[in-house]
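As a basis for the values below, the full set of heavy atoms in this structure was taken, side chains included, without hydrogen atoms, waters or symmetry mates.
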Amino acid sequence: MKVYHGSTVIVESPLVSIGRDNLDFGKGFYTTDLKEQAEAWIKRFLALGKRAFISVYSFDNTDLDKKCRYRKFSEYNEEWLDFVLSNRAGGKEFLNYDIIEGGIANDKVFNTVELYFSNLISKKTALKRLRYEKPNNQICFVTQNILNEVLHFETFYEVFGAKNDCR
C-alpha cells in the first residue's frame with residue numbers, strides 16, 4: 001500500500017523519535033494512505049511561505065497483527081475518543097503498540113474533542129456528534145524497528161502554493 005507524509009523536508013529515513021508529543025496517537029511518525037489528506041495537511045506550511053513536500057512510501061501492511069502490536073480504530077467511537085484524549089493529555093498508552101491506525105481529529109472533529117476535553121459537553125454528546133463524521137486516516141509508527149521493517153521510501157514531490165500546482 002502507498003502512504004504519504006507531508007513536511008517541509010523530504011523524509012527518506014523516518015525517525016519515530018522526531019515526532020511531537022501529545023498527538024492523537026502519541027509520539028511517532030505519522031502517514032496517511034489518503035494522498036489528498038497529506039496535501040491538505042501541508043497547506044499550513046505553504047501559508048507560512050515554506051516549501052512543502054510529500055514523501056511517498058510503500059507500507060507492507062500484510063499480517064500486521066502477526067508482525068507487531070497493531071491497533072486499528074475503524075470509526076470515531078468511545079474507545080477512539082478516550083485513546084486520543086489520553087495521548088493529548090500526555091498519557092503513554094500509545095507505547096503499548098508499534099503501529100496505530102485510525103481517524104484523524106480534523107477541524108470539526110478536533111472542535112468536538114476539545115469541547116469534551118474542556119468539560120463543555122458530555123461524552124454522550126461528543127460521541128453523538130462524531131457518529132456522523134467520516135474518518136480520515138492516519139497511521140502512526142511508534143517503534144523504529146517495526147517502521148524500518150514495514151515502511152520503505154519510494155519518492156517525493158513538492159507541492160506549490162498555487163491551487164492544483166503539484167509537480
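Placement of W41 and Y157 within a single hydrophobic cluster is found when ILVMFWY residues are connected by side-chain heavy-atom separations under 4.5 Å, directly or transitively. By the rule that hydrophobic residues join a cluster once side-chain heavy atoms approach within less than 4.5 Å of another member, L151 and I18 end up as members of separate clusters. V9 and L48 are not part of a single hydrophobic cluster, where members link through side-chain heavy atoms under 4.5 Å apart. Side-chain heavy atoms closer than 4.5 Å link hydrophobic residues (I, L, V, M, F, W, Y) into clusters, and following such links, possibly through other members, connects F83 to L95.
Expressed to the nearest 0.5 Å, how far OG1 of T112 lies from CD1 of I121 amounts to 5.5 Å. Separating the OG atom in S7 from the OH atom in Y30 is a distance of 15.0 Å, to the nearest 0.5 Å. Of the inter-residue distances, the one linking H5 atom NE2 with F53 atom CZ reads 12.0 Å to the nearest 0.5 angstrom. Interatomic distance, CD1 of I100 versus CZ of F73, reported as 7.0 Å (0.5 Å rounding). Considering CZ of R51 and CD of E158, their distance stands at 4.0 Å, rounded to 0.5 Å. Considering OG1 of T125 and NZ of K123, their distance stands at 12.5 Å, rounded to 0.5 Å.
K67 and D98 are not joined by a salt bridge, as no carboxylate oxygen comes within less than 4.0 angstrom of a charged side-chain nitrogen. Using a cutoff of 4.0 Å between basic side-chain nitrogens and carboxylate oxygens, K2 and D33 are not scored as salt-bridged.
No side-chain heavy atom of L46 sits less than 4.5 Å from a side-chain heavy atom of R44. Between N87 and N22, the closest side-chain pair of non-hydrogen atoms is not below 4.5 Å. Using a 4.5 Å heavy-atom cutoff, the side chains of I10 and F153 are in contact. Side-chain contact check for C140 versus F94: every heavy-atom pair is 4.5 Å or farther apart. Contact check for F29 versus L15: no side-chain heavy atoms found under the 4.5 Å cut-off. Within the 4.5 Å cutoff, the side chain of I99 has heavy atoms near those of the I146 side chain. Under the 4.5 Å side-chain criterion, counting only non-hydrogen atoms from C-beta, L34 is in contact with N136. With a 4.5 Å cut-off on side-chain heavy atoms, T143 and V16 do not count as touching.
Across L127 and E78, no two heavy atoms sit closer than the pair CD2-N, 3.4 Å. Annotation for Y116 and S122: closest pair CD1-C, 3.7 Å, computed over non-hydrogen atoms. When every heavy atom of N61 is checked against every heavy atom of L64, the shortest pair comes out as O-CG, 3.5 Å.
Within a 6.0 Å sphere centred on NZ of K43, other residues, nucleotides and ligands contribute 12 heavy atoms or fewer.
For D24 and Q138, the side-chain atoms include at least one donor-acceptor pair closer than 3.5 Å. Judged by distance alone, the side chains of E149 and N145 never bring a donor and an acceptor atom under 3.5 Å apart.
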**Request:** Mind running side chain to side chain contact (heavy atoms under 4.5 Å, CB included) on K72 and D65 for me, showing each step along the way?
**Result:** CA-CA 10 Å; K72 181 169 186 174; D65 52 344; over 6 Å; no
**Request:** I would like to know whether E101 and R71 meet salt bridge (Lys or Arg N to Asp or Glu O under 4.0 Å); could you show each step before the answer?
**Result:** CA-CA 6 Å; E101 181 175 1; R71 176 67 191 265; over 6 Å; no
**Item:** CA sep, side-chain torsions, deciding dist, call: F25, Y97, ring pair (Phe, Tyr, Trp, His ring centres under 6.0 Å)
**Value:** CA-CA 10 Å; F25 294 156; Y97 304 99; 9.6 Å; no
**Message:** Go through it in stages, so that I can follow the logic: the residues are I54 and I42, the test is side chain to side chain contact (heavy atoms under 4.5 Å, CB included), and I'd like the CA-CA distance, side-chain angles, deciding distance and then a yes or no.
**Reply:** CA-CA 8 Å; I54 301 289; I42 62 172; 3.7 Å; yes
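At distances below 3.5 Å, at least one donor-acceptor pair connects side-chain atoms of N96 with backbone N or O atoms of E93. In this structure a side-chain-to-backbone donor-acceptor pair under 3.5 Å is missing from R88 to L23. A donor-acceptor pair is defined here as one N or O able to donate and one able to accept, closer than 3.5 Å; no such pair exists between the side chain of D63 and the backbone of K66. S55 contributes a side-chain N or O that, together with a main-chain N or O of V11, makes up a donor-acceptor pair within less than 3.5 Å. Looking at Y76, its side chain does come within 3.5 Å of a backbone N or O of I104 through a donor-acceptor pair. Using modelled atom types, no side-chain atom of W80 and backbone atom of G102 make a donor-acceptor pair closer than 3.5 Å. Side-chain atoms of S118 come within 3.5 Å of backbone N or O of E114 as a donor-acceptor pair. Side chain of Q144 to backbone of P14: a donor-acceptor contact under 3.5 angstrom is found.
Annotation: F141 is in aromatic contact with F59 [ring centroid separation under 6.0 Å].
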